[in-house]
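Down below is the structure, laid out as structure tokens.
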There are 2 protein chains.
Amino acid sequence: MAQAQQGRRGSYAKGIAKREEILERALEVIAREGYRGASVKELAEAVGLSQAGLLHYFDSKEELFTEILRKRDEVDLAHYAPADGPAAPPFPADLDLIPTYLELIRHNAEVPGLVQLFSRMAVDAADPSHPAHAFFLGRSAALRAVFAEALTKLQDDGRLTTAIDADTLARIFQAVADGLQVQWMQDPDVDMAGTMSALFDALSTTPTQTQR
Amino acid sequence: MAQAQQGRRGSYAKGIAKREEILERALEVIAREGYRGASVKELAEAVGLSQAGLLHYFDSKEELFTEILRKRDEVDLAHYAPADGPAAPPFPADLDLIPTYLELIRHNAEVPGLVQLFSRMAVDAADPSHPAHAFFLGRSAALRAVFAEALTKLQDDGRLTTAIDADTLARIFQAVADGLQVQWMQDPDVDMAGTMSALFDALSTTPTQTQR
DNA sequence: GTCTATACTCGGATAGAC
DNA sequence: GTCTATCCGAGTATAGAC
């Protein structure tokens, strides 16, 4: 009960490496092959294990998929946060946040399965009793906090409208991103990054365009 | 094969009235009691029928729930389109569209179950093989068209920014609305209408506020 | 640690009586 | 037209062999 268990429940140092490996493989597979209400069995086979073998590392299906999303944030953060100290996931509080975010959105368009998984879970996890509920609340708040900070700086520099407070703006950008994902899933011709960018430009006070 | 069948498949004039009645009851029940992955059986009992009895009127679960959403648009349209000729669902092309839309958003906050159902289906129906795929594509496009028309008028009147074309603006408003719904489901404190309204104001060129 | 096999549950669909 | 009863498939979880 008191020993150091840094993984999740019941996993000792031994298993956690494999766990991470599984999650990375899962990310690749889902990104490439898509997610259509995937079952544990399907994912297990894609990852090279039996269903029971996979569930050996995770307590339940919900935990498994939640961890996949967490891992996704982890790799995205590592990739899009060039110089990082202990920055708050899923994004660093750096200044060039908007272009970086647009880059990430462009990247998302390359991994439809992950977008599907995320959107699906976001809806399901709205139920407070869902295992991923806390994860989404926390992630969502963290994302907005980082955004709000960056947007405040832009407002202070006179580069962004002050007609809306930064917190609300952060919420709006988040909503647009999430909403565009759904539209894009339904119609892949939708230009998520371009639309986001257009909104940002329209709310900017300088004639400068965001570099796309 | 040639006789007039105005309902869906295999339902003759007799059944369609009951069908509509069922859908109305379903709307009430879901709005009030919420939707958490509801099964046909649950809904059937809430509506006063057995599972088999309910499926007598609908070919499948997916068709049933799609029809519920369609009915929802129908009653919303009837309620929020005061004087209507043959206007395009789910909204009339009238001028006071923005305040009306805000009203509808406020109304949505009163019927969480319907929002959950809609969001869930919107994600699932992203799959082109989903029975509701076409419904969502059509609805979405129709909504944007109505919006784009109204927004164009506002731009022509010099009351709205011309930094973004009306079509893109329509898409943005749609995305914000959808995204805010997800945020609101996760955290009911989120003020959907207020946030939408703030964005609209910020994109307006006149100092006038939208009447909330 | 990983597998096979199985138990169990749930939910949608269908057959057939009334 | 509506019910009861049943079937069937899917999917998760678990037991137990290796």
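What you see below is based on every heavy atom in this structure, not just the backbone, and it leaves out hydrogens, waters and symmetry mates. To find a chain, count down the sequence lines: A is the first, B the second, and so on, and within it residues start at 1.
Side-chain proximity of A:Leu55 to the nucleotides C:dA13, D:dG1, D:dA13 is greatest for D:dA13. Here the side chain of A:Tyr57 is nearest to one of C:dC3, C:dG1, D:dG11, namely C:dG1. Of the candidate nucleotides C:dG12, D:dA5, D:dT2, D:dA5 has the atom lying nearest to any side-chain atom of B:Ala52.
Sequence order on DNA chain D of the closest nucleotides to B:Ile22 and B:Gln51 puts B:Ile22 first from the 5' end.
With the end axes of the helix from C:dG1-D:dC18 to C:dC18-D:dG1 each set by five pairs, the angle from one to the other reads 10° at 10° resolution.
Remark: A:Lys41 is not in phosphate contact with D:dA13, judged by side-chain N or O atoms under 4.0 Å from OP1 or OP2.
Take B:Arg144 and apply the side-chain hydrogen bond (donor to acceptor under 3.5 Å, both in side chains) test, not counting sequence neighbours, and it matches B:Ser140, B:Gln174.
Per the geometry, CZ belonging to B:Phe58 stands 16 Å off P belonging to C:dT14, to the nearest Å. Distance, A:Leu54 CG to D:dT12 C1': 12 Å, rounded to whole Å. Regarding A:Glu21, its CD atom lies at a distance of 13 Å from the C1' atom of C:dG1, rounded to whole Å. Atom NZ in B:Lys61 sits about 14 Å away from atom P in C:dC10, given to the nearest Å. Distance B:Arg19 CZ to D:dG1 P: 13 Å, rounded to the nearest Å. Atom CD of A:Glu45 is separated from atom P of C:dC3 by 10 Å (rounded to the nearest Å). Between the NE2 atom of B:His56 and the P atom of D:dA5 there is a distance of 20 Å, given to the nearest Å. In this structure, CG of A:Leu43 is placed 17 Å from C1' of D:dA10, rounded to the nearest angstrom.
Here B:Arg171 does not pair with B:Asp167 in a salt bridge; the nearest charged N to carboxylate O distance is not below 4.0 Å. Under 4.0 Å is where a charged nitrogen must lie from a carboxylate oxygen, and between B:Glu45 and B:Lys41 at least one such pair does.
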In residues 20-29 of chain A, what donor-acceptor pairs under 3.5 Å come from side-chain atoms, sequence neighbours left out?
unit_1, atom_1, unit_2, atom_2, d
A:Glu20, OE1, A:Lys71, NZ, 2.7
A:Glu24, OE2, A:Lys71, NZ, 3.3
A:Arg25, NH2, A:Ala46, O, 3.0

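Aromatic rings from A:Tyr101 and A:Phe173 are positioned such that their centres are separated by 6.0 Å or more. For A:Phe136 and A:Phe118, the gap between ring centers is short of 6.0 Å.
Among the heavy atoms of the strands lying under 4.0 Å from B:Ser50 is at least one base atom, whether or not backbone atoms are also near.
For the 3.5 Å distance criterion, the side chains of A:Asp165 and A:Thr168 qualify, holding a donor opposite an acceptor.
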